[in-house]
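Working notes, beginning with the structure itself.
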2 protein chains.
Amino acid sequence: MARKRFDDSSCSVARALNEVGDWWSLLVVLHAMYGTRRFVDFQQELGIARNILCDRLSRLVDNEVLKKVEVGEHGSRFEYRLTEKGRDLFPIVIALRQWGDKWNPAPNQEPLDLRDRETGRTIRQVEVQDANGNPLTVRDVFVPEGDGISRRKTTDSKKTVG
Amino acid sequence: MARKRFDDSSCSVARALNEVGDWWSLLVVLHAMYGTRRFVDFQQELGIARNILCDRLSRLVDNEVLKKVEVGEHGSRFEYRLTEKGRDLFPIVIALRQWGDKWNPAPNQEPLDLRDRETGRTIRQVEVQDANGNPLTVRDVFVPEGDGISRRKTTDSKKTVG
DNA sequence: TAAATCTGGTTTTAAAATGCAACCCTATTA
DNA sequence: TAATAGGGTTGCATTTTAAAACCAGATTTA
C-alpha cells in the first residue's frame, strides 16, 4: 500500500516531515543552501534520478520551500531558489549535519567547518535553549497538560526519558 | 529499483538521513522523547503498521539511537529507550516541530508549548548561532574552501542564497 | 547550415518499501 | 478454560523508487 501521509495530522512534526521528511528533499534544500539553483546542478551534485529530482523539486515548490524562477532570455532556463520558509530550515539542516558529524563521522574526513561570515569563527552547536539561552536536554522540558498529544494509559513502564 | 542509501556518503547530512531520514523514524524518536517505550504504545500512538514499526525499531536499535531492554520477570516484555545518541536528536526534533508550527500551523490548535521544567517558561526558538550566541541565517555563514562538497563550475546563476 | 550539446523534463521497467490483515507464541487475567 | 495483552512474523496488493532511454526546444560548435 501507499505511504501514509500526515497532511492533516495534529502533530506539527508529522506535518513537517510530510514536506521535507523523505530521503531527498532535505538534501536538495541543503544544496540549495550551498548555492545550487539549477536542475542539472542538483542532479549531478546529488546523483539523484532525474524523475525523482523532478518530483522533489515540484513538491518543494508546491510547499513553498523553493520557488521556481524563469531566468535568462535564451530558452527556458529555470532556477530553484529558497523561499523564506525554505531558508528557515537552516537550523534543522545544520543540526542534522552536526549530529551526523558527531555520531557517524566520516572515516577519513574532517567534519565540515561552518563559519560566521563576519567574524570567521566556527559556529556553535545547535541546541535547545531556555528563555535565557541556557542549553536544555530532553529531560529539562515538559509539555503542559492538555496538549493534544495522544497518549495511552501507559502499560507498566516508568515515565522517565531515556 | 531500490532506494538509494548513503552509508558511506562523504556528507554527514546524508549519513544522518540514512539513519533517521525516513517517514517514521523521527516520529518514533519523538514519541520516545515524550516517554513512550513499548511496542504497543508506539503502534497505537503513531498508527503505524506493525511490521514497519518492527523494522524501524530494530533499525534504530542497530544504529544505537534506541536500546532494547528486557523488562519484567513475566514473559518477554521489552522497552525501547533512547540512548545518548538518540537523545541528541532533541534539537532536530524540536526544530522540526517549531518549523511545522510556524509554516503549517494546525487549523484549530495551539502550537505545542514546551517549557523549561525548572522555570516553567517557554523554550526558545532553535537557531544557528555564532560563537557568541547571536543568531545566524544561511547568508551569514560560509564554508572554508577545500571542504569536500562536490560543486560543479556552476552554470550561469549568481551564487547568492535564496 | 547541419550536427552536437545543454537544459529540463517524461516514459518504461523492475526492484523495494509500505500497509493491511491474518496468524503465532507466551503470559496473564477473568 | 477462555479471553486478552504483548511482541512479533508472514503473505499479499499497491506504491515508490532508481536507472536508463527517450524527447523537445534553444544554442553552440564544426
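Chain naming here is simple, since letters A, B, ... match the order of the sequence lines and numbering starts at 1 in each. No experiment lies behind these values; they were computed from the predicted model shown.
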Stacked cation flag B/Arg59 on B/Trp24, 6.0 angstrom / 45 deg: no

Whole angstrom value for the distance that separates P of D/dG7 from CZ of B/Arg37: 13 Å

Listed nucleotide nearest any side-chain atom of A/Arg38, set D/dG6, D/dT9, C/dT7: C/dT7

Nearest-angstrom distance from the residue atom CZ of B/Arg77 to C1' of C/dT26: 9 Å

Criterion salt bridge (charged side-chain N to carboxylate O under 4.0 Å, His left out) on A/Arg37 and A/Asp41, from CA distance to verdict: CA-CA 7 Å; A/Arg37 293 174 160 199; A/Asp41 293 338; over 6 Å; no

Between D/dG6 (C1') and B/Asp41 (CG): distance, integer Å: 10 Å

With A/Phe78 via side chain to side chain contact (heavy atoms under 4.5 Å, CB included) - residues at least two apart: A/Lys68, A/Glu70, A/Ser76

Atom pair distance, as rounded to whole Å: CD in A/Gln43 and P in D/dA20: 11 Å

Rounded distance in Å - CG (A/Leu53) to C1' (D/dA19): 14 Å

Options D/dG6, C/dG9, D/dG8, nucleotide nearest the side-chain atoms of A/Phe39: C/dG9

d(CD, A/Glu70; P, D/dG25) in whole Å: 15 Å

Gap between atoms CG and C1', on B/Leu46 and D/dG7 respectively (whole Å): 16 Å

Within the sub-3.5 Å range, which N or O atoms of nucleotides 17-21 of chain C have a protein N or O partner, and how far apart are they?
residue	atom	partner	partner atom	Å
C/dT18	OP1	B/Arg56	NH2	2.7
C/dT18	OP2	B/Arg56	NH1	3.4
C/dT18	OP2	B/Arg56	NH2	2.5
C/dT18	O2	A/Met1	N	2.3
C/dT18	O2	A/Met1	O	2.9
C/dG19	OP1	A/Lys4	N	2.7
C/dG19	OP2	B/Trp24	NE1	3.1
C/dG19	N7	B/Asn51	ND2	3.4
C/dC20	N4	B/Asn51	ND2	2.7

Salt bridge (charged side-chain N to carboxylate O under 4.0 Å, His left out) between B/Glu19 and B/Lys85, intermediate numbers included: CA-CA 11 Å; B/Glu19 301 198 343; B/Lys85 181 176 177 182; 3.0 Å; yes

Between C1' of C/dG9 and CZ of A/Phe42, the distance in whole Å: 16 Å

Side chain to side chain donor-acceptor pair (under 3.5 Å) partner of B/Trp103, chosen from A/Asn63, A/Thr83, A/Asp88: A/Asp88

Any donor-acceptor pair under 3.5 Å from B/Asn18 side chain to B/Phe6 backbone: yes

Sugar-phosphate, base or nothing in reach of B/Tyr80, heavy atoms under 4.0 Å: sugar-phosphate

Salt bridge (Lys or Arg N to Asp or Glu O under 4.0 Å) contacts in which one or both residues fall within residues 122-133 of chain B, not counting sequence neighbours: none

